[in-house]
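Take a look at the structure below.
Below, each value reflects all heavy atoms present in this structure, side chains not excepted, and no hydrogens, waters or symmetry copies. Numbered from 1 within each chain, the chains take letters A, B, ... in sequence-line order.
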Amino acid sequence: MRISKLFGKTLREIPAEADTPSHQFLVRAGMINQLSAGIYSYLPLGWRVLRKIENIIREEMNAAGGQEVNLPVLQPYEMLQLTGRDRAYGKSLFTLYDRRERPLALGPTHEEVITKLAGHYARSYRDLPLLIYQIQVKFRDEPRPRGGLIRVREFHMKDLYSFDIDEAGLDISYRKMLQAYQNVYDRCGLPSRLVEADSGAIGGKDSNEFMVIAENGEDEILYCPDCTYAANVEKAESVKEKIDNGEPLPVEEVATPGMWSIEQVAGFLKVPESHTLKAVFYIADGKMVFVVIRGDLEVNEIKLNNALKATELRMATEPEVIEAGIVAGAASPVGLKGFKVIADDSVTSGTNFVAGGNKHDTHIKNVNYPRDFKADIVTDIGLARAGDKCPRCDGVLTSTRGIEVGHIFKLGTVYSEKLGASFIDEKGELHPLIMGCYGMGLGRIMAAVVEINHDDKGIIWPLSIAPYHVYICMLSREGTPVSEEAEKLYEELTAAGIEVLLDDREESPGVKFNDADLLGIPFRVTVSPRTLEKNSVEFKKRSEKELQLVPLDKIVAKLQDLVKG
RNA sequence: CGGGGUGUGGCGCAGUCUGGUUUAGCGCGCAGCGUUUGGGACGCUGAGGCCGGUGGUUCAAAUCCACUCACCCCGACCA
């Protein structure tokens, strides 16, 4: 491709909208262009990168036994209601009405569609296992798109679904995908880290995310430097240290005038915050829920949501709390009736806690579970934090940020049961299909690669997904054969199957070098009067500083080796 | 949805507080001509804007007021 003819233009200045490196460089390089919040066009260079990523994914999915299909973008809203995902996705669902006023949704993902389809054709155990995938555009009306391609509302995604006869089969499919994902990231030059994850709106049991560690990532990851444990904070567990306060003592009311927060109460009574119990109030699907957790810990709302099996969860407002007759600042589950109480398992981790007295300016000492109060649910709803103990070993958890470039789930039978997708086993018995689903965002991979591989001049693409392999800087001057030689080289390289960008513009050398750096093409070849004097061209790798003179008759072979070898 | 910010040629910005001095300016980019040619060259000429939109105040509005839309950031929320 000749740059003089290439659609798209590089920008010298950083667009005001962009503040992450990937966003800035992709826009400045003329690879993507924003149409609206979270909605982007891909220009030729960007589209080539995306398609290369797509092809790598396709190859790996096929190698793992996947079969490619294409599913509809338009999905009947009714179908989403059947599985409850209209509510699970809520406002994130793009909905529209057809001419007969029937509601439709733009597919945010395709579990329902594929389950119906698989159920239609895979009737017998002989048809299983099955791995079906597609690479397609998805729509989610994100509350806040951000970071260029990192969080968008319309995005390209590979989604594969596995169908097995039993859990053991699902385990095999899951492991196959783990490996296939690893292969994809490796080939894209992306260091990824597998972490435990919450399954969110997709549902299901086990779930893992693939994270690229990057400071602009929007997820927080907790990991243990001493073992392999790593998890999204949404899911992360940690060891809650035991509080040894001796044998349970009789409860005792104490006056705590003006003391409101845990910090104040603990300070006033001269006990550590970990020796207190904190009450927090949520509205889960319209109902007040009383949440109890040890004073030094925070509630993880995702864990809470999962424990309550709620679809809508939010903190109660102050008026709601007062309305419910709760004494904010001194509330406790002791002697309280009429609320659903959910307690973090930390309440069982010690004895003789200080809790609210359900009267203003009053707290109670020596509260013990379950002697003095009971909870409807006791489970882990605490937020793990950096510095906490690793749940798997003696290590201490460390925090970092990451970009989620893939997410895989063991779904089990959630969808197949609701949608009636079943198969007949050897004995002629009917069973629901056992499913897994595996998503991967192409645009995010692209953005993550740029986040990881760039310098202050621009992008440094890995060869595997670079829009072109070679950038020819043609520094022509009248009366020299530079353009002839550059053209010739361009022809020869192209004929050899190498993808070449020829900078044939009438621009000064500085402009060309800077654009070459910005675009991030792996190999740069400069043809100039100076190099031709020595019957050579200058060769440079984008990732390195060294310049190298290469004889004209050797450069094609050299590049062939680098590109094909 | 809450908080903050920004909307002025393709891009980056100044002008807005204190209305008139503006025929709305600067840099980049763009077009033409000439000179240049190894890290974002130079000169000359030129095209391109109803100052996000609507309504108001005023003799007079990019500038003041009201409403509204869009985009960005933080949070909430969410793959």
Which of B:A41, B:G38, B:G75 is nearest the side chain of A:R146? It is B:G75

Please report the distance separating the P of B:C77 from the corresponding atom of B:U63, rounded so that it comes out in whole Å. 39 Å

| said: By the 4.0 Å heavy-atom rule, please label A:E538 as base, sugar-phosphate, or nothing. | reply: base

Which is true for A:K457 with a 4.0 Å heavy-atom rule: it touches a base, it touches only sugar-phosphate, or it touches nothing? base

note: A:I39, atom CD1; B:A70, atom P; distance rounded to Å ~ 12 Å

- When we call it a touch if two heavy atoms are under 4.0 Å apart, what does A:F409 touch: a base, just sugar-phosphate, or nothing? base

**Prompt:** Under 4.0 Å: is that the gap between some side-chain N or O of A:S36 and OP1 or OP2 of B:C71?
**Reply:** yes

Checking N1-N3 plus N6-O4 or O6-N4 for Watson-Crick, or N1-O2 and O6-N3 for wobble, each under 3.5 Å, the partner of B:A70 is B:U6

When both distances are under 3.5 Å in a Watson-Crick or G-U wobble arrangement, the nucleotide paired with B:C1 is B:G75

_Gap in Å between the two P atoms, one belonging to B:A24 and one to B:G29, rounded_ = 25 Å

I'd like the C1' distance from B:C26 over to B:G5, given in whole Å.
24 Å

(Q) For the C1' atoms, the ones on B:C59 and on B:C74, what distance do you get once it is rounded to whole angstrom? (A) 46 Å

As its Watson-Crick or G-U partner within any shown strand, both distances under 3.5 Å, B:G48 has none

Take atom P in B:U22 and the same atom in B:U68, then report the distance between them in whole Å.
36 Å

Winner on side-chain proximity to A:E142, out of B:G39, B:G12, B:C78, is B:C78

In terms of side-chain heavy atoms, does A:E485 have a donor or acceptor partner in A:S483 at a distance below 3.5 Å?
no

*asked:* Given the structure, check if the side chain of A:E13 and the base of B:G29 hold any donor-acceptor pair shorter than 3.5 Å.
replied: no

Of the listed B:C72, B:C78, B:C30, the closest approach to the A:A37 side chain comes from B:C72

Notebook entry, point to check: Using atom P of each nucleotide, how far apart are B:C69 and B:A60 to the nearest Å?
Noted result: 29 Å

Can you find a side-chain donor-acceptor pair between A:N232 and A:D198 that sits under 3.5 Å?
no

Separation of B:C77 atom P from A:M315 atom CE, nearest Å, is 10 Å

TODO: Would you classify A:E301 as touching base, sugar-phosphate or nothing, given that sugar-phosphate means primed atoms plus P, OP1 and OP2, and contacts are heavy atoms under 4.0 Å?
DONE: sugar-phosphate

Would you verify whether the NZ or CZ of A:K410 falls within 45 degrees of the ring axis of A:Y174 while also being under 6.0 Å from that six-membered ring's centre?
yes

- Going by an N to O cut-off under 4.0 Å, is there a salt bridge joining A:D553 and A:K558? no

For the residue pair A:K540 and A:F523, would you count it as a cation-pi contact if the rule is NZ or CZ under 6.0 angstrom from the ring centre and within 45 degrees of the ring axis? no

(message) By the 4.0 Å heavy-atom rule, please label A:R28 as base, sugar-phosphate, or nothing.
(response) base

task: Record whether the side chain of A:S528 comes under 3.5 Å of the base of B:G38 through a donor-acceptor pair of N or O atoms.
output: yes

Paired to B:A14 by Watson-Crick or G-U wobble criteria (both distances under 3.5 Å) is none

Quiz item: For the side chain of A:R12 and the base of B:G10, is some donor closer than 3.5 Å to an acceptor across the two?
Solution: no

Worksheet item: Is the shortest side-chain N/O distance from A:R314 to OP1 or OP2 of B:C1 below 4.0 Å?
Response: no

B:A41 -> Watson-Crick or G-U wobble partner, both distances under 3.5 Å, gives B:U35

Ranking B:C13, B:C30, B:C78 by distance to the side chain of A:R151, first place goes to B:C78

Item to check | Residues A:T400 and A:Y223: side-chain donor-acceptor under 3.5 angstrom | outcome: no

What contact category does A:G147 fall into here, base, sugar-phosphate, or nothing, at under 4.0 angstrom with non-hydrogen atoms? sugar-phosphate

* For A:R524, report the nucleic acid contact type (base, sugar-phosphate, nothing); a contact means any heavy atom under 4.0 Å. => base

Closest to the side chain of A:P15, out of B:C78, B:G40, B:G12, is B:G12

From CD of A:E507 across to C1' of B:G39 the rounded distance in Å is 13 Å

* To do: Could you tell me whether A:D517 contacts a base, only the sugar-phosphate backbone, or nothing, with contacts defined as non-hydrogen atoms closer than 4.0 Å?
  => base

Q) Is A:T531 touching bases, backbone alone, or none of the nucleic acid, heavy atoms closer than 4.0 Å? A) base

From CD of A:E506 across to P of B:G40 the rounded distance in Å is 19 Å

Of A:G510 and A:R144, the one whose nearest nucleotide on RNA chain B sits closer to the 5' end is A:G510

Answer for the Watson-Crick or wobble partner of B:U58, both distances under 3.5 Å, is none

The nucleotide from B:G39, B:C30, B:A76 with an atom nearest the side chain of A:K9 is B:C30

- request: Could you give the distance separating B:C71 and B:C33 at their P atoms, to the nearest angstrom?
  value: 41 Å

To the nearest angstrom, the CG-C1' distance between A:N514 and B:A41 comes to 13 Å

**Prompt:** Which is true for A:D19 with a 4.0 Å heavy-atom rule: it touches a base, it touches only sugar-phosphate, or it touches nothing?
**Reply:** sugar-phosphate

Basic-acidic side-chain contact under 4.0 Å: A:K138, A:D159: yes

Query raised in the report: Are any of the side-chain nitrogens in A:E218 or A:R444 under 4.0 Å away from the carboxylate oxygens of its partner?
Result: yes

A:L532 CG to B:U37 P, in whole Å, measures 16 Å

Between CG of A:L475 and C1' of B:U37 the distance, given in whole Å, is 8 Å

Taking any heavy-atom pair under 4.0 Å as a contact, classify A:E17: base, sugar-phosphate, or nothing.
sugar-phosphate

Assert: residue with more 5' nearest nucleotide on RNA chain B, out of A:P145 and A:L518, is A:L518

Separation between CE (A:M435) and OH (A:Y415), nearest 0.5 Å, reads 8.0 Å

* Using the P atom on both, measure B:G3 against B:G40 and round to a whole Å. => 48 Å

